[in-house]
2 protein chains.
Amino acid sequence: MTDTAPGTGGRRRGRPPRTESAGTRERILDAAREEFAERGYEKTSVRGIAKAAGVDSALVHHYFGTKEQVFEAAVEVALVPALKVRDAVLEAPLDDVGERMTRFLFGLWENPATRKPLLAIVRSAVTNEAAATVFRRLVASQLLRRIAGEIDAPDAELRAELAAAQLVGIAMMRYVIKIEPIASADIERIVERVAPVVQGHLTGP
Amino acid sequence: MTDTAPGTGGRRRGRPPRTESAGTRERILDAAREEFAERGYEKTSVRGIAKAAGVDSALVHHYFGTKEQVFEAAVEVALVPALKVRDAVLEAPLDDVGERMTRFLFGLWENPATRKPLLAIVRSAVTNEAAATVFRRLVASQLLRRIAGEIDAPDAELRAELAAAQLVGIAMMRYVIKIEPIASADIERIVERVAPVVQGHLTGP
DNA sequence: GTCTATAAGACGATAGAC
DNA sequence: GTCTATCGTCTTATAGAC
């Protein structure tokens, strides 16, 4: 119907002619994110992903290769949009960064589109070295080192990491292990207490 | 040599006569702790535990039943001695509790005898519900609720949990994911910065 | 692009011999 | 108390038909 073969003079002349079947690829990635987020790397099976996506498991391999490559394809791209928000955090004035980092964390975790890949990473990073590498790159290289770069102190890196540890711990207890009452607590009440602590780690005495 | 059959009039009359072979049971538990700590629950196999202990996998089942029962037997008991230290933490004056909790954490994780079961719990709790329950009982019920009980504030429980989140985050980054420089940082330098933060969560403004 | 078929093996758990 | 043997199920991954 909307299809136009190359050379017919139709609309999408520039589009590469591969990929006939609409969103199969995306459906697989969606399913993979969901499975990895819920079960972690080891407990997730390629067959399970395929079933959730309504396709055969061989097709998953056909698109992405090994299970580990499925993980990378499903998880890492989903966090790219978050990089823009991160840049906004980093461009803010430094005496504001505690609250901004804290709100950045909750922004990521309260949004289902980013919570799933994050859950997948955390659930997998504790046992899978590839996922641990993604985690390190995400937390350490992408965020901490840049924040540390702006702090004028001899122990800038340690400070930045302790601030991150506070936030990582909250994410673990609220979103992964789900310990009450922090799992259900109002975000504003948490921000109120945590933002000054993060700020203190970074620029305090 | 030191063996005395029942009725011979030897020393250990009260001892139940079962368990002929010396420390096989303990060897299995040791191996299980090691495996669960290194690989997490899903990646650990009963066969792997058996091989590490130098026995057959059927023997592991014979002693402990299912894999989940092996986990419980190996992990939970190993932390009982820590309860005494915890009691010392709780009996200390409240304006000291920040530093004491922080040092308590490092005491647990720097000691190989307690680090292994802790690693096993953390590595397993993110994907295994039984392990998550152990974690909640350990952190929440056993420690937090008792600390919260001593704080005179309306949000005592949230305060205690945010303090714990700071410590949990440090443990995650230092011992589980191993992010530098916090993974190699001198403990005293960390305590110096973290103890006041924990104290502030509990008794601060 | 999507499937069937299958290789090649690891897994948890049990029955039963010794 | 310890092992052998085994059942039944699950896994990743590939070759190849359509």
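In what follows, every chain begins at residue 1, and chains take the letters A, B, ... in the order their sequences are listed.
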query: Under a 4.0 Å N-O cut-off, is there an ion pair linking B:Arg146 with B:Glu150?
result: no
field: Integer-rounded Å distance: C:dG12 C1' and B:Lys43 NZ
entry: 19 Å
message: How many whole angstroms separate atom CD1 of A:Ile28 from atom P of C:dT2?
response: 8 Å
query: Which nucleotide in the list C:dC11, C:dA15, C:dT4 gets nearest to the side chain of B:Ala58?
result: C:dA15
message: When you measure from the side-chain N and O atoms of B:Ser57 to the phosphate of C:dG12, is any distance below 4.0 Å, counting only OP1 and OP2?
response: no
field: Of the listed nucleotides D:dG1, C:dT4, D:dT4, the one nearest the side chain of A:Asp56
entry: C:dT4
query: When the distance from CZ of A:Arg39 to C1' of D:dC10 is rounded to whole Å, what number comes out?
result: 14 Å
message: Tell me the interatomic distance from B:Arg47, atom CZ, to C:dT14, atom P, rounded to whole angstroms.
response: 14 Å
- prompt: D:dC10 C1' sits how many Å from A:Ile49 CD1, rounded?
  reply: 15 Å
Separation of atom CZ in B:Phe64 from atom P in C:dG12, rounded to whole Å: 15 Å
message: Can you tell me which nucleotide in C:dC3, D:dG1, D:dC3 comes closest to the side chain of B:Tyr63?
response: D:dG1
message: With a 4.5 Å cut-off on side-chain heavy atoms, are A:Thr127 and B:Arg39 touching?
response: no
field: Euclidean distance, atom NZ of residue A:Lys67 to atom P of D:dT14 [Å, nearest integer]
entry: 15 Å
message: Looking at B:Arg137 and B:Glu76, is there a salt bridge between them, counting it only when a charged N and a carboxylate O are closer than 4.0 Å?
response: yes
- prompt: Taking the side chain of A:His61 as its heavy atoms from C-beta onward, which of C:dC11, C:dT4, D:dA13 lies nearest to it?
  reply: D:dA13
task: Could you state the atom-to-atom distance from CD of B:Glu42 to C1' of C:dA10 in whole Å?
output: 15 Å
task: Report yes or no: do B:Glu110 and B:Tyr175 form a side-chain donor-acceptor pair below 3.5 Å?
output: yes
query: Just checking B:Thr66: base, sugar-phosphate only, or nothing, at a heavy-atom cut-off of under 4.0 Å?
result: sugar-phosphate
- prompt: Is there a side-chain polar atom (N or O) of B:Ser45 under 4.0 Å from OP1 or OP2 of C:dA10?
  reply: no
query: Looking at residues at least two apart in the chain, or sitting in another chain, which of them share a salt bridge (Lys or Arg N to Asp or Glu O under 4.0 Å) with B:Glu91?
result: none
